[in-house]
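Following: one structure in structure tokens, then a few remarks.
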Amino acid sequence: MIPTLSGTPLLGNLLEMRQDWLALLRRIPEECGDIGRIRLGPRSGVVFNTPTAAQTIFIEEHDAFEKGPTLRRLVRVFLGDGLLTCTQAHHLRLRRLLGPTFSPQRMQGYAAMMAAAARDARAALVPGVVDIHALLMSIAVRVAGRALFSAEMAERAPTLEKAVSDALDYVAYGVAHPIRPPLWAPTAINRRARAARATFDAIFSEMIDARRAAPDDRGDVLSSLLAARDVDDAPLSDAEIRDQLATLMLTGFETAAAAMAWILALLAERPDVEQRLLAEVDALPADPCAEHIESLSYCKQILNEALRLCPPAHTLGRRALRPVTVDGHTIATGEVVVVSPWLLHRRPDHFPDPERFEPERFAPERIGALPRCAYIPFGAGPRACIGQRFSTVEVQIVLATLLRRFRFRPLCPTRPRASLSMTMRPDNLKVEVAERWR
């Protein structure tokens, strides 16, 4: 029998979820062990916290589950039938069509675009106190603009950033409020959500129309999507391309910006780690680019550890399409299961002293000792994030470029609180930007 987490009558754990979802997750292994049922008002879900359960749900029995219905319904408002939100049957087709978009050859070109955008951002950066997540979001928008459309997005960055922020706020609100007005109702959050969707539609439609008028391959994501062909040689429709661009934009640059912000916050806890990273960056013969990625091995360890502590996909939900056994427990058709990478990455049997920021966990000789699916910052299996290589390369190139000239000192001496929506970002992280003197 699956133990149920203690809660209040009728509401169960709903109020706790709204107040602090991560604290609620922490209670599960403390009270229930590796599996526990939570109740969120009229809904319930079974939370699994073992690598074997993650392997069953996301890999071995992946076709027995579909994306969690609540989150998918909310996100579809902005992403349509993109790769993140589409049905299981549609996903296989889209994954095949989008595969070439992230080929090694394409990634070389994207890396060059990332490096150019990072150098431009560094040239414009002025020492002083800044909201680091906002700064990194603006850089990530420039990177996404060049890699997605071969377009300079500096003038549109504030508009896009606001649209993304409003979209994420709407998703977070919808998850916490199962009973809420429909999207057409004239509430403040609904008006912002509709405006965000209109922003995405206008920008992406303009980009698609312009490229169809001049359909040369510019080495960007849009060129790859326009060239994609189905098994019957049918191209993607404008609506399908729009949904994929929206998916990559909404999830891609928010993920990269949050990861970079977390790294800068975590480096403040370990000056020795920061010094080793700066030495690695300074040893590069030139500004970071694609050919230097392999030389940034310690930077990659730091990134992996930041993603362990603060994974972008902090909570993953699935709904069972048929009865399936997970870790010896039968999950009924229609039942929702949850795996939280944030919680899974804190198992002390796999990550001793789990709250400590320790990049050496991901040294090559130690990675192989982890069980399969003990570390899944981007999910796992067929529905793992297709753009994870894009995001990790972007983080390394942008951070290394900025750190060659600047240092970033958080004003708060403690680790920032996490702000949750579709991703996990540091809340209100102010840093002092200062030029380095070498």
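Counting only heavy atoms from C-beta outward, the side chains of Leu225 and Ile208 never approach each other to under 4.5 Å. In this structure the side chain of Thr56 never reaches within 4.5 angstrom of the side chain of Phe48, judged on heavy atoms. Taking 4.5 Å as the limit, every side-chain heavy atom of Ile38 sits out of range of all side-chain heavy atoms of Met17. Between Leu267 and Ile302, some side-chain heavy-atom pair lies under the 4.5 Å cut-off. Proximity of Leu148 to Asp220: side-chain heavy atoms (C-beta onward) are nowhere separated by under 4.5 Å. Counting heavy atoms from C-beta outward, Asp120 and Arg142 have side chains that approach closer than 4.5 Å. Inter-residue side-chain proximity for Leu25 and Asn49 is flagged as unmet; no heavy-atom pair is nearer than 4.5 Å. Within the 4.5 Å cutoff, no side-chain heavy atoms of Ser165 are placed close to those of Arg192.
When all heavy atoms of Gly174 and Arg180 are compared, the closest pair comes out as O-NH1, 3.5 Å. When all heavy atoms are compared, the tightest approach of His91 to Pro382 is CE1-O, 3.0 Å. The two atoms that bring Val77 and Arg197 nearest to each other are O-CD, 2.9 Å, heavy atoms only. The two residues Leu136 and Ala261 come nearest to each other via the heavy atoms CD1-N, 3.4 Å.
The residues Arg191 and Asp166 are annotated as not salt-bridged, no charged nitrogen and carboxylate oxygen being separated by less than 4.0 angstrom. A salt bridge is absent between Arg372 and Glu60; no separation between the charged side-chain nitrogens and carboxylate oxygens falls under 4.0 Å. Ion pair Glu360/Arg366 not flagged as a salt bridge, since none of the NZ, NE, NH1 or NH2 atoms sits closer than 4.0 Å to an Asp/Glu carboxylate oxygen. The pair Arg27-Glu30 fails the salt-bridge criterion, with no side-chain N (NZ, NE, NH1 or NH2) lying under 4.0 Å from an Asp/Glu carboxylate O. In summary, Glu61 and Arg322 engage in a salt bridge, as defined by a charged side-chain N under 4.0 Å from a carboxylate O. By the 4.0 Å N-to-carboxylate-O rule, Glu280 lies too far from Lys300 to be salt-bridged with it. Salt-bridge formation is not detected for the pair Asp353/Arg361: no Lys NZ or Arg NE/NH1/NH2 atom is positioned less than 4.0 Å from an Asp or Glu carboxylate oxygen.
Remark: the backbone N or O of Arg417 is not paired with any side-chain donor or acceptor of Asp427 at under 3.5 angstrom. The main-chain N or O of His350 is never found under 3.5 Å from a side-chain atom of His345 such that the two would form a donor-acceptor pair. Within the 3.5 Å criterion, the main-chain N or O of Arg405 finds no donor-acceptor partner in the side chain of Arg122. At least one donor-acceptor pair under 3.5 Å links the side chain of Thr392 to the backbone N or O of Arg389. In terms of modelled atom types and a separation under 3.5 Å, the side chain of Thr85 and the main chain of Gly80 share a donor-acceptor contact. A donor-acceptor contact shorter than 3.5 Å links the side chain of Arg436 to the backbone of Leu403. For Arg270 (side chain) and Phe357 (main-chain N/O), a donor-acceptor pair under 3.5 Å exists by modelled atom type. Of the possible donor and acceptor atoms, one in the side chain of Gln301 sits under 3.5 Å from a partner among the backbone N and O of Pro359. For Arg415 (side chain) and Ala265 (main-chain N/O), no donor-acceptor pair under 3.5 Å exists by modelled atom type. Side chain of Asp34 to main chain of Pro29: no donor-acceptor pair is present (N/O by atom type, distance under 3.5 Å, no hydrogens or angles).
In this structure, Phe362 and Tyr375 have tilted ring planes: the angle between them lies in the 30° to 60° band. Ring-plane geometry between Phe406 and Phe408 is classed as tilted, the angle between the planes lying from 30 to 60 degrees on a 0 to 90 degree scale.
Each of Arg93, Arg242, Arg76, Lys67 was checked for a salt bridge (charged side-chain N to carboxylate O under 4.0 Å, His left out) with Asp81, and the lone residue meeting it is Arg76. Each of Arg318, Arg383, Arg319 was evaluated against Glu66; a single residue qualifies, Arg319, per the salt bridge (charged side-chain N to carboxylate O under 4.0 Å, His left out) test.
In this structure, Leu411 places its CG atom where more than 12 heavy-atom neighbours from other residues, nucleotides or ligands lie under 6.0 Å away. Annotation: Glu294, atom CD; neighbour count of heavy atoms from other residues, nucleotides and ligands within 6.0 Å does not exceed 12.
A cation-pi geometry, defined here as NZ or CZ lying under 6.0 Å from the six-membered ring centre and within 45° of its normal, holds between Arg308 and Phe351.
A search for side chain to side chain donor-acceptor pair (under 3.5 Å) contacts involving Tyr173 returns nothing, not counting sequence neighbours.
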